[in-house]
Structures are given as structure tokens and as C-alpha cells.
2 protein chains.
Amino acid sequence: MSATTRSAGPSLRGVGRTLRPTAKVLPEHARAHNRAMVLQHLFHQGPSSRADLARSTGLTRVTVSDLVSVLMSEGLVEELGVRPEGRVGKPATLVGMRTEDFHVVAVDLADDASLRGAVMTLTGAVVARRSASLDGRTGDAAVTVLEDLCRELLAAADARPVVGVGIGSPGVIDSAGVVIAAPNRGWYDLPLAARLTEALGVPVQVANDANTHALGEYTYGGATGSGLMVVTVGQGVGAGIVLDGALVRGRAHAAGEIGHVTVVDDRDVRAGDPEPRPCACGRAGCLETLLSLPALRRATAGRGPEESGAVLASVGRKLGLALAPVVSALNLAEVLLSGPPELLDGPLAEAALATVRARTMPLLGQDLVLRMGSLDEDGALSGAAALVLSGRLGVT
Amino acid sequence: MSATTRSAGPSLRGVGRTLRPTAKVLPEHARAHNRAMVLQHLFHQGPSSRADLARSTGLTRVTVSDLVSVLMSEGLVEELGVRPEGRVGKPATLVGMRTEDFHVVAVDLADDASLRGAVMTLTGAVVARRSASLDGRTGDAAVTVLEDLCRELLAAADARPVVGVGIGSPGVIDSAGVVIAAPNRGWYDLPLAARLTEALGVPVQVANDANTHALGEYTYGGATGSGLMVVTVGQGVGAGIVLDGALVRGRAHAAGEIGHVTVVDDRDVRAGDPEPRPCACGRAGCLETLLSLPALRRATAGRGPEESGAVLASVGRKLGLALAPVVSALNLAEVLLSGPPELLDGPLAEAALATVRARTMPLLGQDLVLRMGSLDEDGALSGAAALVLSGRLGVT
DNA sequence: TCATGTTTGTTAGTAGACCTTCCTTACTAA
DNA sequence: TTAGTAAGGAAGGTCTACTAACAAACATGA
């Protein structure tokens, strides 16, 4: 060996205290993945032949045929006859996902006063609506209201099979559907998904409402999966982030809580900003004190369009200030705004985009898309439905 | 059916233009995953019995025995005799990863003037060092210098098998090791990994230096994988982010480019900040104009400790300003600083942490760890080595 | 009109990966 | 000495996806 210096190097043993979250993978998991891939293609590309599916997935025709026959035996997929176009060779028999013959129950808990629910097809079309009033109930009583609403919706599903129940709720919620903390509902460490699954006899998925929104935009809105952030503006301000097709959860399942980032401080006041407003979180100057619906309505109330525009633009700049570091750090492809277009889709969005562009590397800001989400007022429900599609069928 | 309204729902067909990046999974991929899991445990927990491995991985003893015998036939693992402690039952025969009998070649391209390289064991101990001077060469000439350095290092590996070559380079680099753009080296769309793999006959992995740093802290430094950000301070400022054990790449492979987030603008000047300095990127007031090593040295030159402390604290506040939205959006667990401790590990880090805490939700900021990285001056090399471990053996 | 080539979907056989079950080995404890 | 326990290996079974080969059904061109 040539002249060398052998140093100790970083210590290694004992590092093991940080247990890495690895899980075994069996062939059957591979099978489940491939099965989900077939469904995914049928869902997004529409009816296809088995040979088409084989080409898109990279699997052989034999394997695809096998997967399709299983899916057909479960009723999830059906044959639709031969493809009309005349091409050379044996005509293809199309198979399609029976998106209209299965239902999903979706519930939106974002509102403090009432729960909104719907029965939807797998494509997100609303088949029936129901709602329930909370009347100030919290804790267990609120769970009972939710459970009753779910039963009502399940009954309204018209005897069609229900794939699952999806619930978007405010608060911090882990990936198993345990509500760690939802102060407005009085829920703490509540295993909501498990409890409702038990009570209803149907698989129930629960996630944060901003996260379900992001999932909904990804699944139904056609947003890019590599770097998507959805900012939801309602009573509060939240965000959901999808990277590489998966939701970002965060260390304490609290990813996306950007509503309480400080955007107005003493220095801003010295530079000309109005005094920071106190926030429900106990501090002052949070993004939520400017960007939430109540704040926006208060700020624009009684003002003409021009004056309102200026106010909204100034809020947009604050949003851009908070977004710029996130866009830079993650190299996001899309930032979507979800909320009333009359407030968000104008000077506010324009100012936000301009601010982000001005404060990030050209390479990052240039191709960034900042626009309104493609989902309408049922966005929250679509998100809850997407949660079920993702959790139960592997379709995103 | 009860009274229902059937609305159109979000359009679905045609969304398919956004092709989801799904890939088929075969049983052999499951095998590779499980094999990596066994190595992972041996690497981090040290020698274990086959039965131990079976318990940790969830696989059966039979399967683990099979995997271990394959790994032994490849020489990566060896039997170490029976476990000394006397317990009930047949004594366990320990197997261990031969971390000292394999080498990794690591090269750090962060410096503009010279390339630093080392031969390391799998645990990150330096066995030999070599370096090469660029003398202003760029483009193909720079690649030649790099290739020669790699050959020298491979020759210095003392006939022990080299698992691979890891290279951390500035610039935007995709996951296949193609340098999309590295202006300082004059590299654009250069398939560096493929070219060197071909030339050297050894698998070569190339990634952004901030990303390799993050990987190094995760692998060797024992940082948590669920929400880690490493900010590297050198000629410029970069960052690497590890979420759920995987590097964040971003839409254009440019994730982590936080050096050019604006942190000083006209408003800050009105509030008392000095004029924003022009940045190499063409704009002004970027984080890099304050936090890069040249900037920090310039700002503290000729000042006493107290005055320097104040300057460093003000830079730390700016860093905290940029970090707060990222910490909030991702609910990060750890932010590590990499660079000279005499500049970073004092008022600067303290001010950064205080600023982040003050500007984020208590739940998010409270448990956040902001500290110096655990890797020493060889951190860049360890990161490049970790890149090889990750890419070639699946060990992180 | 008829042979030819193409594409589809199925059948049969093979290799890989993990499992369950059962056995031997080797030790501790009573 | 006997019983109990744990480690490791051998045999056999199931599941998964692959390759190879083939029949069916069409378009095309001589």
C-alpha cells in the first residue's frame, strides 16, 4: 500500500438508535403494486386493451391478462367489447374500470358549524349529498354526529358497493388516521379511522383537509406529482405537499402548517406595514391573520374594486414571501390556491407569483406554475374521495 | 334511491397527459430490497445472528439464511464465530458486514481550484488521500483531471475491491448522474456518471454536493430520516433535504438551491438593513451574499469577537427567516449546518434557531433541532461515500 | 379470392422468491 | 441425566412473473 493515513472516521456503531423505517417486501406486495398500476392506467387513460396495458406498464401480456381477470372477478373492471377503430391484426377487446358502478363516501369537516358529506362515483361525480349540524358539539358527541352522517350516506349509496369512506378534517392526523390534535373538534389522540371502520363496517380513511385537497388536485385535477403544493384558504390557512407522488407527512404529522408562519414583524412595521394582528395561535403577524377568509373579507369590506385589489395584492406579496423559500428548497413545479376565486384569483395570485419569481433563482421561479386549483367548491369532497382511491385501490 | 343531484364532477379523461411515473415491480426487486435491508441492519447495528436479522426484518429465518449465504458468497458478509454471551439454546453464530475489507472512492468537487479525493472504508474511515489541481481547466479538460484523479485513487485502493466511486459536485445533477448545469466547471448536459463508469470500469455515482452532504449526515451522522435538511456553507450556500429516507430531487433536479432566495430587499433597507449586495446570480440580496464563506469572512474581518458575534447573529436571523417557511411546510425534524464551526457554531446558529422558533408554530419549532452537522472536514467525502453505499448496496 | 403478415389474447412450462414444517445441533437449567 | 430452548438447515409448497408457442381475427396486396 502506498503511504496512507488511516483516520478513525465517523463513529458508526451506536448510530443504530435511529431505527430506520424499513419493511420487508414480499412478492405479493409486488403483485399489489402491479395491480394498482393497471387500475391507475385504466382510471386515467380510460378503457384500454390488455395489450395496451402491457405496453404502458412494462409487464407482459400474460401477466396483465392475469391481473385483469382478477380485477374482473372482483367486479372492478369489465370488458367493453372490441375497439371500434379498424387496425391491422386481431381487434382488441377493451377493458375499463367500472368507475360509475362503485361509490365512495366523502365527508368534509373543515367547517366549524356543519359537516358536509356526499356519495360520489370513483370519478368524483356527486350522486347524493347530506349534511349535519354540529350545534357546538365537540369530542365524542361530534364523533357521533359524524358517524350518523356516514350511516346516512352509506344508506344513500343505492345498494352499489362502497369502496370506502374518506374524511378530510382539520388538525394534525397521522397516517393511520389517528387524530393527534384537532382543537376545534375537541379531539386529541382519537383513533378516528379505526373507530369508524369498526362502527360502520366499511374501510374509513382520515387525513388532514389540506392534505386531502392536495391529493384531490393530484388525482382529479391533473397536477404534476413531482413537486405540488396546494394552499387552502378557508377559516384558516393550510397546505398539502405532494412530492414524487406521495404526501409529505413531516416529523410530527404536521407538514403543511404554513398558516402560522410569521409574515409581519416589527421590522415590517418600520418599513411601512400596518401593525401585526394578533393570531388565534397566541402570537401575532401570522400569514393566517392576513390570508384567511375572515381576514380577507374584513380587509376588502366596503372598498371599491381598485382599493380592494391593492389590499389583495399586498396579501399576495406576503404569501409570496412565505412561499419563496419553500419553492427554492423543494424546486416545486406547481403551487395551487384553493378557495374563493373572487378573492384569490386576481391581484392576490398575481402578486404572489411575482413575489416568488422575484425572490427565487430564475431557474426555479421561471417554470413555476401558480394558479387556482382545478377543483370547484366540492374540492374538499373530491379530496376525501381521492384519499379512498389512493388508500384502497392505489390509484392516485 | 333518495332524492339526489348528479353533477358532472371534475373532468377525468384527458388528465392522462400527466403521465404518472409508475414502474413495474418484480419479485426480484423485492429480493433486492430485502437483501439491502439485511445489509442495512448489519451496517448500523453491527454483527448479528441470522435469527436476530430475521426478527428485525420480519423475514423468516430461512429467507434470511438464504440472503446471508448469497451475501457471503459475494464476500460482503462473513461469519464471526459464536456469540460470547451465554444464553439458553443453541448459541448464535454472528455474521458481520466486511466494512473494512471493501473500499469506496470518494471525490469532492466543491472547491473551484482543486479536487479532493480519498479512498475510504465502508464505515467512512479514510485510507488514502489524493488531490488534483484544476489550474483553471473547465469542460472536457476538467473531466480529464477528474478521471485521472479517480484512477490514482483506484490504484491506491491496495487491491481491495472497490464498491464504487462517489462524486459530489456543485451544480444541478439528475438522478442518473447527468450534470445538467455546473457553470463553474463549464459542464452542461454532461453524462458524467455514465462516462466515468465506462472509462474506469467501476460504477460511478454523481450527485449535487449539498445532497451528498445530506446523505452523509443521514448515513454516517445518525440524523433522523423523516425531515432532515442540511445547509452547506462554502463558496456558495446549498441545501440537501431527506424526507422519509429519500433525497428530495425537485422538478428540475434543482431542489435545495436556497442560496439565491432573497433575504434583503428595499423594505429591509427602510427598516434599517444595509443595502443589499449584488449576487453572482445577477440579482441582489440573496442569502448567499451574506452567508457564504467569503461573505462571512469579509463581514467579520478585523472585528473583535463581540462585534463579529453581532454580525454573525444578524446573518443567522436572515437564515432563520428563510428557514421558517420550509420548516413549517415540511415539519422538519432537524436542520444541520455544515461549514467552519468558528463562523457557524455560535451566534449565527443560535440566532437562526431563535428566529425559526419565533416565526413558526410552537408545535413545529419546539422540537426542531438546529445544530452543526456531525461530520468533520471530511463531510463532503463521507457524503460521496454515502452516495455509493446508497446507490450500490442500498444502505443508508 | 386467397395467401400473407400483424396484432391480440391464451395455454403450458420454467425460474425465482418466500413461506411453513420438520429436523438436527448445541446449549442452559433443574 | 433429562427437559426445555434457540439456532440453523433441508424439504416441499405456493405464488408470481417470465418465455415460448399457438389460435383467432383482422388488413393488405397479389
Side-chain angles (χ1 to χ4, degrees), chain A residues 22-39 41-42 45 47-74 77-96 394, chain B residues 22-39 41-42 45 47-74 77-96 394:
Chain A
T22 38
K24 66 174 170 180
V25 173
L26 306 181
E28 66 200 78
H29 298 137
R31 176 79 164 185
H33 175 96
N34 292 335
R35 180 195 136 110
M37 206 163 43
V38 167
L39 276 182
H41 275 267
L42 288 178
Q45 323 284 327
S48 321
S49 72
R50 293 169 175 85
D52 290 337
L53 290 169
R55 276 184 291 266
S56 328
T57 58
L59 298 164
T60 60
R61 291 200 308 270
V62 182
T63 304
V64 169
S65 277
D66 194 40
L67 286 167
V68 165
S69 77
V70 170
L71 290 169
M72 274 175 32
S73 77
E74 294 175 20
V77 152
E78 64 188 340
E79 286 203 331
L80 298 170
V82 298
R83 170 181 275 138
E85 311 118 60
R87 284 190 295 181
V88 65
K90 175 178 172 179
T93 49
L94 293 175
V95 295
Chain B
T22 37
K24 65 175 171 180
V25 173
L26 305 182
E28 65 199 78
H29 298 139
R31 176 78 164 185
H33 176 97
N34 291 336
R35 180 194 135 110
M37 206 164 42
V38 168
L39 276 181
H41 276 267
L42 289 178
Q45 323 284 328
S48 322
S49 72
R50 294 170 175 83
D52 290 337
L53 291 168
R55 277 184 290 266
S56 339
T57 58
L59 297 164
T60 60
R61 292 201 307 270
V62 180
T63 303
V64 168
S65 276
D66 194 42
L67 286 167
V68 165
S69 77
V70 170
L71 290 169
M72 274 175 34
S73 78
E74 294 175 19
V77 153
E78 64 188 340
E79 286 202 332
L80 298 169
V82 297
R83 171 181 275 139
E85 311 117 60
R87 285 189 296 181
V88 202
K90 174 177 173 180
T93 50
L94 293 174
V95 296

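Quantities reported herein were computed from a predicted structural model and do not represent experimental measurements. Convention: sequence-line order gives letters A, B, ...; per-chain numbering from 1.
Leu59(B) has its CG atom 13 Å from the P atom of dA17(C), to the nearest Å. Between the C1' atom of dT19(D) and the CG atom of Leu26(B) lies a distance of 14 Å, rounded to the nearest Å. Atom pair Met37(A):CE and dT16(D):C1' shows a separation of 14 Å (rounding to whole Å applied). The interatomic distance linking His29(B) (NE2) with dC15(D) (C1') rounds to 17 Å, in whole Å. Following rounding to the nearest Å, His33(B) (NE2) and dC18(C) (P) show an atom-to-atom distance of 11 Å. The CZ-P distance, from Arg61(A) to dA23(D), rounds to 15 Å in whole Å.
Between the Lys24(B) side chain and the Leu59(A) main chain, no donor and acceptor come within less than 3.5 Å of each other. Checked by atom type and distance alone, the side chain of His33(B) never pairs as donor or acceptor with a backbone atom of Gly394(B) at under 3.5 Å. The backbone N or O of Leu26(A) lies less than 3.5 Å from a partner atom in the side chain of His29(A), making a donor-acceptor pair.
For Asn34(A), no side-chain nitrogen or oxygen approaches OP1 or OP2 of dT16(D) to under 4.0 Å. Dashed line: the shortest gap from a side-chain N or O of Thr60(B) to OP1 or OP2 of dC19(C) is under 4.0 Å. For the pair Arg83(A) and dC26(D), the criterion of a side-chain N or O lying under 4.0 Å from OP1 or OP2 is not met. A close approach under 4.0 Å does occur between a side-chain nitrogen or oxygen of Thr93(A) and OP1 or OP2 of dG9(C). For Lys24(A), a side-chain nitrogen or oxygen approaches OP1 or OP2 of dC19(C) to under 4.0 Å. For Thr63(B) and dA17(C), the shortest distance from a side-chain N or O to OP1 or OP2 is not below 4.0 Å.
Side-chain atoms of Lys90(A) lie closest to dA25(D) of the nucleotides dA25(D), dA10(D), dG5(C). Distances were taken from every side-chain heavy atom of Val88(A) (C-beta onward) to each of dT6(C), dG4(D), dC19(C); the shortest belongs to dT6(C). Taking only side-chain atoms of Glu28(A), from C-beta outward, the nucleotide of dG9(C), dG8(D), dT16(D) with the closest atom is dT16(D). Candidate nucleotides dC19(C), dG8(D), dG9(C) were compared by shortest atom distance to the side chain of Val62(B), and dC19(C) ranks first. Nearest to the side chain of Ser65(A), among dA26(C), dG9(D), dG9(C), sits dG9(C). The side chain of Pro27(B) lies closest to dA17(D) when the candidates are dA17(D), dG8(D), dA21(D). Closest to the side chain of Arg31(A), from the set dA17(D), dA27(D), dA17(C), is dA17(D).
Taken to the nearest 0.5 Å, the OG atom of Ser56(A) stands 6.5 Å off from the CD atom of Gln45(A). Taking CZ of Arg35(B) as the reference point, atom CG of Leu71(B) lies at 5.0 Å (rounded to 0.5 Å).
The existence of a salt bridge linking Arg31(A) and Asp66(A) is confirmed by a sub-4.0 Å separation between a basic side-chain nitrogen and an acidic carboxylate oxygen.
The residue Arg35(B) sits apart from the nucleic acid: no heavy atom pair falls under 4.0 Å.
For Pro91(A) and Asp66(A), each mapped to the nucleotide of DNA chain D holding its nearest heavy atom, the one lying further toward the 5' end belongs to Asp66(A).
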